[in-house]
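Below is one structure, written out as structure tokens; the observations come after it.
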Amino acid sequence: MKKIVTGEDYVNSLRNRKLNIYLLGEKVDNYVDHPTIRPSINALAKTYDLAVENPDLASVISPLTGQRISRFLHVSESAEDLVMQNKMQRKLGQLTGTCFQRCVGMDAFNALHSTTFEIDDKYGTNYHQKLISFLTEMHKYNYVVGGAMTDVKGDRGLPPHAQEDQDMYVRVSKRSDKGVYITGAKAHQTGCINSHWMIVMPTIRLQEEDKEFAIIGAVPVDADGITYIYGRQSCDRRSMEGGDIDVGNAQYGGQEAMVIFEDVFISNDHIFMDGEYDFASLLVERFTNYHRRSYVCKSGVGDVLIGAAGAIADMNGVPKASHIKDKLVEMTHLNETIYATGIAASYQGYEMKSGCYMCDPMLANVCKHHVTKLPYDISRLAQDLGGGLVATMPSEKDLNHPEIGKLVKKYLKGKADVSTEDRMRILRLIENMTLGRNAVGYLTESMHGAGSPQAQRIQISRMAQMEYKKRLAKILAGIRIKENKENIVEEMGGYFARVFKVIK
Ligand code: SF4
Ligand code: FE
């Protein structure tokens, strides 16, 4: 296998692999050219092409191999690295209008860098060095590495070991002196089929009885024993109809699949945690910190939707109407709020014991919490500006029909100098992003990816430092409190201490 450089190299690297994939009840052999799957491959291919077109933005020189590699494979060595990840994510959101699927692996490597280091520190294991060797191998070929975290969970009120069916969380099912075998399933795994390797990680806090669930390891995506059941997406049948208008965004789409592991082998050199259950919650927390600010990707996607709303206003002949201008400003304000919190989390990054940089956990959670809401508000405004045609418009086949086509062209016309077809294309793009295939990424994934809203609220409440804030208020209100030291930040620790650089 040669090092992958261009999008085309990447697409070719996916060919001739034997994956067990099911889509709409059928086994898919040539998934690379499947019309429903290909747009998701194109979105990932764009991460390679951007690295060629704008190397400073989307690539780095690997500190492990000295070769140029994708920024998605680079562990953050500075706050600036974290910031550049966000800038690259926004750009890719703009170029694809969808989820380009590559951030999960990036955030997994970042989180594992510090976690494996700290496990080794406590238990004298050698996970960190194995992780670095694996990462070096990934750099050599410039591979796509996916991260698989979300277990199917069964009864949400029970821990893994207490589940009636022990496969509700991925676990070690067998052992040999060469490695372990895992069984279980991961739900809605972004870009899993489009990856070369997958890092499997636990999804929740674990206790001693859950030891066999405390497994982290890397497996090739085409390993024996893995079945992929492709998640269908809203309006996905349109990609099978031919034509390129009704799909809304013909080139790009996201990808989620259920991944089922049945005694899948992980070799010893690819195991990065095995039984250290006390580090599971730390890993999950670190991974979600990184991933929650990665959701600035949605500000790039939002740029496309705002552009579509502005374009349809032009095509309808009403770009100067004050309420329309105001709605576009509101959409922009909401969208930049996502970007602002995400990139601020990266700017406030700080060094971990292993030498990698962690983004600010409070702002990362605030970013993702905005993402669970603001794309819905932006979508509402886009549909408002698009009008009812977003959901009721005749099809591409009607537009091109020998008899009724001229009626569609005549009665769906907006401004005289805009073709009906172009107007339909923009309306379909708004539909695609707010109701159709890419609404999966822009809306529902925004809600649940990297944790549902309540998960961020829990983290925000943990970091809110309420006692510190009450104390600030009481001091200014003249209320006598036991100690009235000037610098109370230092003794409080936590978020504000980091903000004010009292501690790292
Ligand atoms: Fe990356 Fe965004 Fe897709 Fe997550 S949703 S993988 S952060 S593009
Ligand atoms: Fe995601």
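Just so we're clear, the structure is a prediction, and the values are computed from it rather than from any experiment. When a ligand or atom number is given, it counts from 1 through the structure's own listing order.
For ligand 1, the atoms sitting less than 4.0 Å from at least one non-hydrogen atom of K298 are 5 (S), numbered in the order shown with element in parentheses. Close approach of ligand 1 to E445 is summarised as follows: ligand atoms under 4.0 Å from at least one heavy atom of the residue are 5 (S). Taking a cut-off of under 4.0 Å to the non-hydrogen atoms of F100, the atoms of ligand 1 that pass are 8 (S). Residue C99 approaches ligand 1 through these ligand atoms, each under 4.0 Å from one of its heavy atoms: 3 (Fe), 5 (S), 6 (S), 8 (S). Under a 4.0 Å criterion applied to the non-hydrogen atoms of S294, ligand 1 contributes the atoms 7 (S). Close approach of ligand 1 to H291 is summarised as follows: ligand atoms under 4.0 Å from at least one heavy atom of the residue are 4 (Fe), 7 (S).
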Working note: F72 + F100, criterion side chain to side chain contact (heavy atoms under 4.5 Å, CB included); need CA distance, chi angles, decisive distance, verdict. CA-CA 11 Å; F72 285 101; F100 36 87; 3.9 Å; yes
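Residue contacts with ligand 1, taken as heavy atom pairs separated by less than 4.0 Å, do not involve Q89 at all.
Remark: D210 engages no residue in a salt bridge (charged side-chain N to carboxylate O under 4.0 Å, His left out) (not counting sequence neighbours).
Side-chain contact check for Q456 and H369: at least one donor-acceptor pair (N or O, by modelled atom type) lies under 3.5 Å.
Taking backbone and side-chain atoms together, C297 has no N/O/S atom less than 2.8 Å away from atom 3 (Fe) of ligand 1.
A salt bridge does not link R238 with D244: every distance from a Lys NZ or Arg NE/NH1/NH2 to an Asp or Glu carboxylate oxygen is 4.0 Å or more. Ion pairing between a basic and an acidic side chain is recognised when a charged N comes within 4.0 Å of a carboxylate O; E396 and R428 show no such pairing. Ionic pairing of E118 and R286 is present here: one or more N-O contacts between side-chain nitrogen and carboxylate oxygen are shorter than 4.0 angstrom.
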